[in-house]
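The next block holds one structure in the form of structure tokens; read it before the comments.
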Amino acid sequence: MAGDVITGMGRRLGGARLLLIVLLNLIPVGGVLWLGWDAGQILMLYWVENIIIGVMSLIRILTARQPDTLAPGSTQMGTIGVGCFFIVHYGLFTLVHGVFTMMLAARIIDGGGRACGSGCSPIRASTWPCWG
């Protein structure tokens, strides 16, 4: 089953592109395992990647070609509406995902203790990690 999924992805992406994606995603794993990179920082790196993918997706949405089946005289407003819908929903997802990612990354960086150590207020400790 999993082999069929990977084979299907390989056909769609092309073998070289799929290999490149796998190798690029192994760099942070290798960095954590063998080079001493901090897992919390790698987690935040993946969250930033999420934002980059969202921006790239929004650009693709806004530059998408309208289908020929639209009513005569229709404009690009449909694409703009989809873009606004995407911004709201993906933005909310990214915000919530970011809060949980930062909380988890702070706990990883701190070694599993409180996110901000003993000097932070409970509100700050639960919502924003201390990096220093």
Side-chain angles (χ1 to χ4, degrees):
M1 178 73 178
D4 294 338
V5 171
I6 292 173
T7 304
M9 287 173 56
R11 279 193 214 116
R12 274 197 336 260
L13 291 175
R17 286 182 67 190
L18 180 61
L19 181 63
L20 179 66
I21 290 170
V22 170
L23 290 176
L24 288 174
N25 280 290
L26 286 176
I27 291 171
V29 172
V32 168
L33 294 176
W34 296 296
L35 300 176
W37 293 358
D38 188 84
Q41 293 169 340
I42 298 298
L43 187 62
M44 290 303 301
L45 179 68
Y46 278 118
W47 181 72
V48 171
E49 179 187 39
N50 183 44
I51 294 172
I52 293 169
I53 289 171
V55 170
M56 291 172 47
S57 297
L58 180 62
I59 291 169
R60 290 184 68 187
I61 288 169
L62 294 176
T63 59
R65 192 167 159 247
Q66 293 286 337
D68 296 333
T69 58
L70 289 177
S74 62
T75 63
Q76 198 71 3
M77 288 305 292
T79 302
I80 293 171
V82 171
C84 290
F85 179 85
F86 177 80
I87 288 171
V88 169
H89 288 86
Y90 196 77
L92 286 173
F93 164 77
T94 302
L95 174 68
V96 172
H97 180 236
V99 168
F100 286 115
T101 301
M102 287 180 207
M103 289 171 57
L104 182 61
R107 300 216 187 272
I108 291 171
I109 290 170
D110 191 39
R114 288 187 51 211
C116 292
S118 60
C120 287
S121 71
I123 294 172
R124 184 160 185 227
S126 66
T127 57
W128 191 259
C130 290
W131 298 105

Distance-minimising heavy-atom pair for I42 and P28: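 Closest approach of I42 to P28, heavy atoms only: CG2-CB, 3.6 Å.
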query: If you take all heavy atoms of G40 and A105, which pair is closest and at what distance?
result: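 Reported closest heavy-atom pair: O-CB, 3.4 Å.
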Membership question, hydrophobic clusters at under 4.5 Å side-chain separation (ILVMFWY): are [Y] and [X] in the same one?
{"X": "L35", "Y": "Y46", "answer": "yes"}
{"X": "L24", "Y": "W37", "answer": "yes"}
{"X": "V29", "Y": "L43", "answer": "no"}
{"X": "V48", "Y": "M44", "answer": "yes"}

Can you find a heavy atom in the side chain of [X] that is under 4.5 Å from one in the side chain of [Y]?
{"X": "F93", "Y": "N50", "value": "yes"}
{"X": "Y90", "Y": "V55", "value": "no"}
{"X": "N25", "Y": "I21", "value": "yes"}
{"X": "Q41", "Y": "L45", "value": "no"}

Working to the nearest 0.5 Å, report the span between [atom1] of [X] and [atom2] of [Y].
{"X": "H97", "Y": "I51", "atom1": "NE2", "atom2": "CD1", "result": "10.0 Å"}
{"X": "I52", "Y": "S57", "atom1": "CD1", "atom2": "OG", "result": "11.5 Å"}
{"X": "L58", "Y": "I53", "atom1": "CG", "atom2": "CD1", "result": "14.0 Å"}
{"X": "R60", "Y": "T79", "atom1": "CZ", "atom2": "OG1", "result": "13.5 Å"}
{"X": "F86", "Y": "L62", "atom1": "CZ", "atom2": "CG", "result": "9.5 Å"}

message: Among residues at least two apart in sequence or on other chains, which ones pass ring pair (Phe, Tyr, Trp, His ring centres under 6.0 Å) with F85?
response: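 F85 satisfies ring pair (Phe, Tyr, Trp, His ring centres under 6.0 Å) with H89 once adjacent residues are dropped.
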query: Does the W47 side chain pair with the main chain of T94, one donor and one acceptor, at a distance under 3.5 Å?
result: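 Yes: the side chain of W47 pairs with the backbone of T94.
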